Chemist: 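Please read through the structure below; I'll follow up with questions.
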2 protein chains.
Amino acid sequence: MRISEAAARSGLKIDTIRYYEAEGLVPNVLRSSDGQRWFSPENVDWPTLLYWLRETGMPMKVMQRFAALYAQGDETIPNRKNILLDHSRLLAKRREDLERCNEVLTRKLEIYEEHLR
Amino acid sequence: MRISEAAARSGLKIDTIRYYEAEGLVPNVLRSSDGQRWFSPENVDWPTLLYWLRETGMPMKVMQRFAALYAQGDETIPNRKNILLDHSRLLAKRREDLERCNEVLTRKLEIYEEHLR
DNA sequence: TCTTGACCTCGAGTTACTCAAGGCGGGTAT
DNA sequence: ATACCCGCCTTGAGTAACTCGAGGTCAAGA
């Protein structure tokens, strides 16, 4: 598929996919004779994963390490697994943050309600 | 209290507090005779709120609007309330995102497990 | 008196995009 | 056949939100 469809499916913008590719985050992107990128279906799973990792706060450098490991083949799976497990711990922390922020907001809103009465 | 304590209590870094003040996000910061900032206890609640709003993804511009309303006094409370309610909807969206990312990670980790077996 | 520590300002650097300018090539309308 | 549009391409500049380093002030302790 073309880059526009890859963008639509992954959630990333076209520009962001190109940027990620330039930074080494998207390996194995084929090109047609006139230089246009071509994404195989399996190839579009990757931007989708990147989308979610970014959306939940994984830094570029970690994504780069992850992509580099991926490019090295299956024997790097234990390493990649660890990166994902680390990230899932970050997710837990973020969930707690949302919880706490919600408490702060709720308290603030209560104070506002009192002022409005 | 001094800026270092305000930083420790709010969660923001010293540099970030100064930056936020320059951008109009922290009103009413007093200065001592030699130019050092002085935060009253009520005054430190504000950076703390900013910390949580930022940490959960509120853009600077919205924070600026929020701070400007705050500086205008109590009659802007309904407006401020709406901003916080909007943000709390964003929080809900983020919670869903974390959930979805977790699913993606879990599926990926399962695939890794299969490969390792 | 000298030094240490916490503060100050200003300006440059960083991260992760995001967008605009200018150009190519393929398909469709005249 | 030519004109035009569309989606792609690259490069380089711009933006958001910090983050850091250099260089300077001032008060208090050894």
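Order of the sequence lines fixes the chain letters, A, B, ..., with proteins taken first and strands second; residue numbering starts at 1 for each chain. Keep in mind that what you see is a predicted model, and the values were worked out from it rather than measured.
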Chemist: Is atom CD of B/Glu75 surrounded by more than 12 heavy atoms (other residues, nucleotides or ligands) closer than 6.0 Å?
Modeler: yes

Chemist: So, the side chain of B/Ser88 versus the backbone of B/Leu84: is there a donor-acceptor pair under 3.5 Å, distance only?
Modeler: no

Chemist: Expressed as a whole number of angstroms, how long is the span from B/Lys13:NZ to D/dA17:C1'?
Modeler: 12 Å

Chemist: Specify the closest pair of heavy atoms between A/Ser32 and A/Asp34, including all atoms of both residues, with the distance to one decimal.
Modeler: OG-OD1, 2.7 Å

Chemist: B/Leu53 CG to D/dA16 P: how many Å, rounded?
Modeler: 19 Å

Chemist: Starting at CD1 of A/Ile17 and ending at C1' of C/dA16, how long is that distance when rounded to a whole Å?
Modeler: 15 Å

Chemist: Would you kindly give the CG-to-C1' distance between B/Leu25 and D/dA17, to the nearest whole Å?
Modeler: 11 Å

Chemist: Please report the distance, rounded to the nearest Å, between CG in A/Asp15 and C1' in D/dC8.
Modeler: 12 Å

Chemist: Is any side-chain nitrogen or oxygen of B/Lys61 closer than 4.0 Å to OP1 or OP2 of D/dA17?
Modeler: no

Chemist: What integer distance in Å separates A/Tyr19:OH from D/dC8:C1'?
Modeler: 21 Å

Chemist: I'd like to know if the side chain of B/Trp46 reaches the main chain of B/Leu25, judged simply by a donor and an acceptor atom lying under 3.5 Å from each other, with no hydrogens or angles considered.
Modeler: yes

Chemist: Does the A/Ser40 side chain pair with the main chain of A/Asn43, one donor and one acceptor, at a distance under 3.5 Å?
Modeler: yes

Chemist: Applying the side chain to side chain contact (heavy atoms under 4.5 Å, CB included) criterion to B/Trp52, which one of A/Glu103, A/Lys108, A/Arg100 satisfies it?
Modeler: A/Arg100

Chemist: Whole-Å distance between D/dA17 P and B/Leu12 CG?
Modeler: 14 Å

Chemist: Could you state the CE-P distance from A/Met60 to C/dC17, rounded to the nearest angstrom?
Modeler: 6 Å

Chemist: OP1 or OP2 of C/dC17 less than 4.0 angstrom from a side-chain nitrogen or oxygen of A/Tyr20, does that happen here?
Modeler: yes

Chemist: Heavy atoms under 4.0 Å is the rule here; annotate nucleotides 5-12 of chain C 5' to 3' with B where the base is hit, S where only the sugar-phosphate is, and - elsewhere.
Modeler: -SSSB---

